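Below is one structure, written out as structure tokens, with a few remarks after it.
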Amino acid sequence: MLRRPKILAALAAVALPAALVGVSLGGPPAEASQPSARPAPSLVAATAYSAAAAKYGVPESVLLAVSYAESRWDDHAGAPSTSGGYGPMHLTSLGASEVADLSGKQKVATAESLQTLKKASELTGLDASSLRTDVTANINGGAAVLASYQKSLGLPVGATTSPAEWYGAVASYAEAGDKVGAAGFADDVYSIMAKGAARTTNTGQQIVMPAVAVKPDTAQVGKLSLPAGVQPSKSDVECPPTLGCEWLPAPYSEFGTAGDYGNHDLANRPKTGKIDYIVIHDTEGTWQGVLNLVQDPTYVSWNYTMRSSDGHTWQHVKAKDVAWHAGNWYVNMHSIGIEHEGFAPQGATWFTESLYRNSAKLVKYLAAKNNIPLDRAHIIGHDQVPGTVPSTVAGMHWDPGPYWDWEHYFDLLGAPIYGHKVFPVRAGSIVTIKPGFANNVQVVSNCDAPNTTCTPQGTNFVYLRQSPDDNAPLVKDIGLHPNGIDGTTDVSDMGSRAAAGSQYVVAQRQGDWVAVWYLGALGWFKSPANAPDAFAKPGLVVKPKAGKTSVPVYGRAYPEQSAYPTGIPYQTVTPLQYSIGAGQSYPVGDLNIETDYYRAVTFDGQPPTDHVQVLGKDRYYQIWFGHRMAYVRAADVDVRPAV
């Protein structure tokens, strides 16, 4: 989510037919977080995909794999994706004026109009409304569009044709802007086909797609009427070769009369500070408007922007330099920021599968290149970035918000969030939150208008309460609500939420209820043994040293005063308004962070007083503290294995 500038903020076999069996997974959510009633789902007929494949002459394996790559077979209750796609086949209906309407904030039209829904209507004779909301109609529409692409390439159509012959049609279905992006989507589809897939959709249908190993005719992409696209190995971008990516630099320039400059800082990372984090943002605007903003030297910057419709990516700031994206200079110093086209509070709109998949490709590449662990302590949301001092805590951003599917994202990263019941959940153990997503429908408010309940949909969190009671108030966050009020269900109020992948230490257990240490107090959530939302795992925790009644927590790990050389002002080490009490403990996120400050306040950056890293000797640890991460001084705590 975009922030104001530093200068203004002070700085070859055909698949067997798929088996579709109605299944309901998971127990009901605790009444303490009871969801609003969902509309009755439109169930997929058992023969929907096979019937559509036969009718329009598409191999069933191709149809299933394309649908999986677009939506993972979910219908999303007829709601559009962030790029205006509907249903399991992601039929798009998004013209320029609709982009502006969808954004609600960024009245900027996209240069492309995505209209496969209209094409599907023309090909099938089905009306647009049915194609949006009826699953069987949607699948037929997608099959018809795929067949039309195959015919346009002069290639054979028929349900018994080899899936290997459909590479060009699949690439066309991506609606990508260039051949690199189109081929990337097709490669994903054939990878899914080769592995096979099985899952229960949001409508409770279990779909199984057997693995089909084929060698597709990748040369077919050359027949597409698309520009070649930028090959990363031949450009300035730091991207994996399979990702459609181009260089669109953020400006580094002076402006004004008061020494102002923008919109990032030059550095030489990791020599001037190692890269520890990748921060996941959403744009709260359409991609074209966001690209305009990042080219404005008076605005902020981030390293990458990713388009929702096809996952096309632009890089703006090199990894060695420091972008202004996190609202916390220490985190900026040590992170790479990726903006994803989307809207955190936008009702029932959903992040596209292309966005998730391409983002995961980029993050895996960046993590390997910079030795960043693939876990939730290092691949973080903007909503995990702490405030720097007490006065900034309430204003910190909360994207990508409650509707970003962290569990699926980490599956794509090849680092699934821990969810195996190996150790008992008891006092002193570390638990990882894993509530599921599609079936975890929590009450959320004010997505579209004040005093309204958001459209029910899957969420990535569980609520924490002040006592083990369904009717107990939500826990307090004195940083977000300095007046002491209880937490709320407002879409932007992260203060009472434990998100998927986050870790906590169990303080107590009463029946189905688990209490964890959270922001210096107890937070209760229901996690029945037959349908748990949290799983115990080994790990390290920090506890106040003996004799200390409380320990301060910090939003940054700055050096001690004696570490600063002459000419570089001391950056005061200020605790946040929270503390860790005696008897409390919190999981360790990282024991090996740098205690440092990267001095960058002028455009020319003349050493020895600017564009230099000040390193301290006072050690800090990164911990899981509440809904955001925090730092503690090593001198204040002991590190121990969890129970």
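If you're wondering where the values come from, they're calculated on a predicted model, not measured in any experiment. Both backbone and side-chain heavy atoms feed into the values below; hydrogens, waters and symmetry mates do not.
Using a 4.5 Å cut-off on side-chain heavy atoms (C-beta onward), W350 and D74 make no contact. Taking 4.5 Å as the limit, every side-chain heavy atom of I372 sits out of range of all side-chain heavy atoms of L366. The closest side-chain heavy-atom distance from P402 to V491 is below 4.5 Å. Counting heavy atoms from C-beta outward, I593 and Y277 have side chains that approach closer than 4.5 Å. E341 has its side chain out of reach of T305: every pair of non-hydrogen atoms, C-beta onward, lies at least 4.5 Å apart.
For D590 and H378, the side-chain atoms include at least one donor-acceptor pair closer than 3.5 Å. Between the side chains of S492 and D490, at least one donor N or O sits under 3.5 Å from an acceptor N or O. Between the side chains of H340 and D399, no donor N or O sits under 3.5 Å from an acceptor N or O. Side chains of Q571 and R599: a donor-acceptor N/O pair is absent below 3.5 angstrom, by distance only. Side chains of S301 and H316: a donor-acceptor N/O pair is absent below 3.5 angstrom, by distance only. Side-chain atoms of D493 and H481 form a donor-acceptor pair, as typed in the model, at a separation below 3.5 Å. Side chains of T272 and H611: no donor on one and acceptor on the other come within 3.5 Å. S445 and T489 share a side-chain donor-acceptor pair at under 3.5 Å.
No side-chain donor-acceptor contact under 3.5 Å links Q442 to the backbone of T459. S467 places no side-chain N or O within 3.5 Å of a backbone atom of A472 that could act as its donor or acceptor partner. With hydrogens and angles disregarded, no donor-acceptor distance shorter than 3.5 Å links the side chain of Y586 to the backbone of G626. Counting only distance, with no hydrogens or angles, the side chain of N460 and the backbone of G401 share a donor-acceptor pair below 3.5 Å.
Nearest heavy-atom pair across C454 and Y403 is CB-OH, 3.7 Å. Closest approach of L293 to Y299, counting heavy atoms only: O-CB, 3.6 Å. The heavy-atom pair separating A415 from L374 by the smallest distance is CB-O, 3.5 Å. In this structure, R619 and L591 approach most closely via the heavy-atom pair NH2-O, 3.2 Å. H264 and V322 make their closest contact through CB-O, 3.2 Å (heavy atoms, listed as atom of the first residue, atom of the second, distance). The two residues D486 and K476 have their closest heavy-atom pair at OD1-NZ, 2.8 Å.
Between D411 and R72 there is no salt bridge, since no side-chain N of the basic residue sits under 4.0 Å from a carboxylate O of the acidic one. With respect to D638 and K548, no salt bridge is recorded, no charged nitrogen being found less than 4.0 Å from a carboxylate O.
The aromatic rings of Y463 and F461 lie perpendicular to each other, with more than 60° between the two planes, well past the 30° mark.
Screening D265, N332, N263 for a side chain to side chain donor-acceptor pair (under 3.5 Å) with W324, the sole residue that qualifies is D265. Applying side chain to side chain donor-acceptor pair (under 3.5 Å) to H382 and the options H281, R628, E339 leaves one that passes, H281.
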### Task
Begin with the C-alpha distance, continue with both residues' side-chain angles, and end with the deciding distance and a verdict on side-chain hydrogen bond (donor to acceptor under 3.5 Å, both in side chains) for R376 and Q503.
CA-CA 9 Å; R376 287 282 279 117; Q503 296 182 7; over 6 Å; no
#### Entry: salt bridge (Lys or Arg N to Asp or Glu O under 4.0 Å) between D636 and R633, worked out
CA-CA 5 Å; D636 292 335; R633 294 179 65 243; 3.3 Å; yes
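Stacking of K434 on the aromatic ring of F535 is not recorded, the 6.0 Å distance cut-off and the 45° axial limit not both being met.
Between W404 and Y356, the ring centre distance stays below 6.0 Å.
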